[in-house]
Amino acid sequence: MTTTETKKPAFYSNLTFQIMIAMVLGILLGIFIHQNYSPEAAKEFSGYIKMLATIFIRLVQMIISPLVFSTLVVGIAKLGDIKAVGRIGGKAMGWFFTASFVSLLIGMFWVNMLEPGVGLNLSDIDLSTATEVTEKTQSFSAQNFIEHIIPKSLFEAMANNEILQIVIFSIFFGLAAASIGDHAKPVVNALDKTSHIILKMVNYVMKFAPIGVFGAIAGVFAIRDFNELLFTYAKFFGSFMVGIGSLWIVLLLVGYVFLKSRMTTLLQRIVSPLIIAFGTTSSEAVFPKLTEELERFGVKDKIVSFMLPLGYSFNLDGSMMYMTFASIFIAQAYGVQLDMGTQLTMLFVLMLTSKGIAGVPRASLVVVAATCGMFKIPIEGIALILPIDHFCDMFRSATNVLGNALATSVVGKWEKEE
């Protein structure tokens, strides 16, 4: 499936241009509705216009499960043995945990330096808005965590788009196919052709991306007064942007160290996935497109099909940075003193509890709420960040995409050198 770089880079592609136009039009329409219609009418409009984003994301979700299964099984079968899988898997997990740790540290550093939660007025905060997240947190336990990782049925995992569960089944299936050898070739070839068909479907689905982004952006700006939100949360959002900006600088520097001048080409390739993730606040929405672009960049298909599904479960750099930042922010707002030892313990707890929950709605907030509960920080403090969370999610979703593209490209380069 790997192709050469003959196609024009994504930065100049028609799709990227259409998505950027859609974002601008969505913002303008959302602001117009917010300023000229009643809150009830704006909310109703938001519900309808967001259906465009829902349709797009569901179209993408429709092809994620078969794409992950087919490409991962074929990739492992082509690797040929457990030793090769172990070697690449070891490099992948080493990268993922290092990147997660650095991301968590960056969040912890900036929230302590800038102290956005200190002196915050809590009197105007509607704590009832956190009910949805706190209810999910009550079922967040070690048992549920394990059950979320290990599938009891491939078909149930596919129906729920549980990427990590599909990955685990696919690894076992792929290793079994590789061990059988020639007898498994008809199945592997059939899955290989299936993955080609699904990647062709990606091209059809992505034509709807600008409409989906338009709906998502217009729906948010119709019910949110962005200027008011930004003024109220200026310190929190500004501090968050410093943190996410620092993380981008680190990721880009690491990319240029390992990929050198090709890092620029990689960025051109992933501009479109980055913008889609930013507009829809869903890194999952760009999984198929990112697979395609990384193969066009020159990473072997077997590496892409192995790395990306793992990365979507273990390598969410933007979300990791946000988790320490938000957890300590809530502690600051409620005057809960956390010494450095406690904060480092919190960091390691977040490192473990955040893995494998990429498919959970508002996963970052659920993990933050669960972590707050463990460290005697009021869980209802989640209500403090809910109003601005969507805008933070735009940046952390794009960061997740950058982190996974970088990890896959670097491991692909290491394997090529070997």
Side-chain angles (χ1 to χ4, degrees), residues 1-7 9-11 64 67-100 102 163 167 170-171 174-175 178 188 191-192 195-196 198-199 202 250-274 277 283 286-317 399-418:
M1 278 189 288
T2 307
T3 57
T4 58
E5 290 184 50
T6 55
K7 190 179 176 185
F11 180 77
I64 285 177
L67 180 64
V68 171
F69 177 68
S70 59
T71 56
L72 187 51
V73 169
V74 171
I76 292 173
K78 285 182 178 178
L79 288 174
D81 56 33
I82 295 179
K83 184 178 178 182
V85 174
R87 183 182 70 246
I88 298 172
K91 290 176 182 176
M93 298 312 291
W95 181 284
F96 294 160
F97 277 92
T98 302
S100 295
V102 170
I163 292 180
V167 166
S170 302
I171 289 173
L175 289 172
V188 174
L191 287 172
D192 194 14
S195 67
H196 279 82
I198 296 169
L199 284 171
V202 172
V250 170
L251 289 172
L252 292 174
L253 286 175
V254 170
Y256 278 105
V257 167
F258 286 104
L259 300 176
K260 303 197 165 45
S261 61
R262 296 206 71 218
M263 183 64 192
T264 303
T265 308
L266 175 64
L267 290 173
Q268 291 173 340
R269 280 280 167 209
I270 65 171
V271 164
S272 181
L274 284 172
S283 45
V286 299
F287 180 94
K289 182 66 174 174
L290 191 57
T291 300
E292 191 177 51
E293 292 295 350
L294 287 172
E295 288 180 11
R296 285 180 176 155
F297 175 66
V299 184
K300 289 183 178 179
D301 56 350
K302 60 186 180 183
I303 302 296
V304 175
S305 61
F306 187 79
M307 288 288 297
L308 264 194
L310 284 176
Y312 267 67
S313 296
F314 293 100
N315 191 44
L316 301 173
D317 298 336
T399 307
N400 292 341
V401 172
L402 174 65
N404 278 316
L406 180 59
T408 304
S409 301
V410 172
V411 172
K413 179 176 183 287
W414 288 343
E415 283 299 302
K416 191 180 290 185
E417 289 172 353
E418 288 192 14

Identify the two heavy atoms, one from [X] and one from [Y], that lie closest to each other, and give their separation to 0.1 Å.
| X | Y | answer |
| --- | --- | --- |
| Phe258 | Lys413 | O-CE, 3.0 Å |
| Leu199 | Pro288 | CD2-O, 4.3 Å |
| Leu191 | Ser70 | O-CB, 3.6 Å |
| Ile76 | Gly174 | CG2-C, 3.5 Å |
| Gly403 | Asp317 | CA-OD2, 3.4 Å |
| Val286 | Ala277 | CG1-N, 3.7 Å |

### Query
So Val68 and Phe287, side-chain contact (heavy atoms from CB on, under 4.5 Å) or not? Walk me through it.
CA-CA 9 Å; Val68 171; Phe287 180 94; 3.5 Å; yes

So does [Y] get a backbone contact from the side chain of [X], meaning a donor-acceptor N/O pair under 3.5 Å?
| X | Y | answer |
| --- | --- | --- |
| Ser305 | Lys302 | yes |
| Asn404 | Asn400 | yes |
| Arg87 | Glu415 | no |

#### Entry: Side-chain touch Thr265/Leu259, heavy atoms, less than 4.5 angstrom
no

### Message
Between Thr399 and Leu316, is there a side-chain heavy-atom distance shorter than 4.5 Å?
### Response
no

### Task
Under the side chain to side chain donor-acceptor pair (under 3.5 Å) rule, collect the residues that match up with Thr98, sequence neighbours excluded.
none

### Task
Please list, chain by chain and in numerical order, all residues satisfying side chain to side chain donor-acceptor pair (under 3.5 Å) with Thr291, sequence neighbours excluded.
none

Enter the distance from [X]:[atom1] to [Y]:[atom2] here, rounded to the nearest 0.5 Å.
| X | Y | atom1 | atom2 | answer |
| --- | --- | --- | --- | --- |
| Glu293 | Ile270 | CD | CD1 | 9.5 Å |
| Lys300 | Ile88 | NZ | CD1 | 9.0 Å |
| Asp301 | Asp192 | CG | CG | 7.0 Å |
| Leu274 | Leu402 | CG | CG | 6.0 Å |
| Thr408 | Leu308 | OG1 | CG | 4.0 Å |
| Tyr256 | Thr264 | OH | OG1 | 3.0 Å |

### Query
When you look at Met263 and Leu252, which way does the side-chain contact (heavy atoms from CB on, under 4.5 Å) test go after all the steps?
CA-CA 8 Å; Met263 183 64 192; Leu252 292 174; 3.8 Å; yes

### Task
Could you give me the CA-CA distance, side-chain angles and deciding distance for Phe314 and Val167, then say whether side-chain contact (heavy atoms from CB on, under 4.5 Å) is met?
CA-CA 12 Å; Phe314 293 100; Val167 166; over 6 Å; no

#### Entry: Qualifying residues under side chain to side chain contact (heavy atoms under 4.5 Å, CB included), relative to Ala407, sequence neighbours excluded
Trp95, Phe96, Met307, Asn315

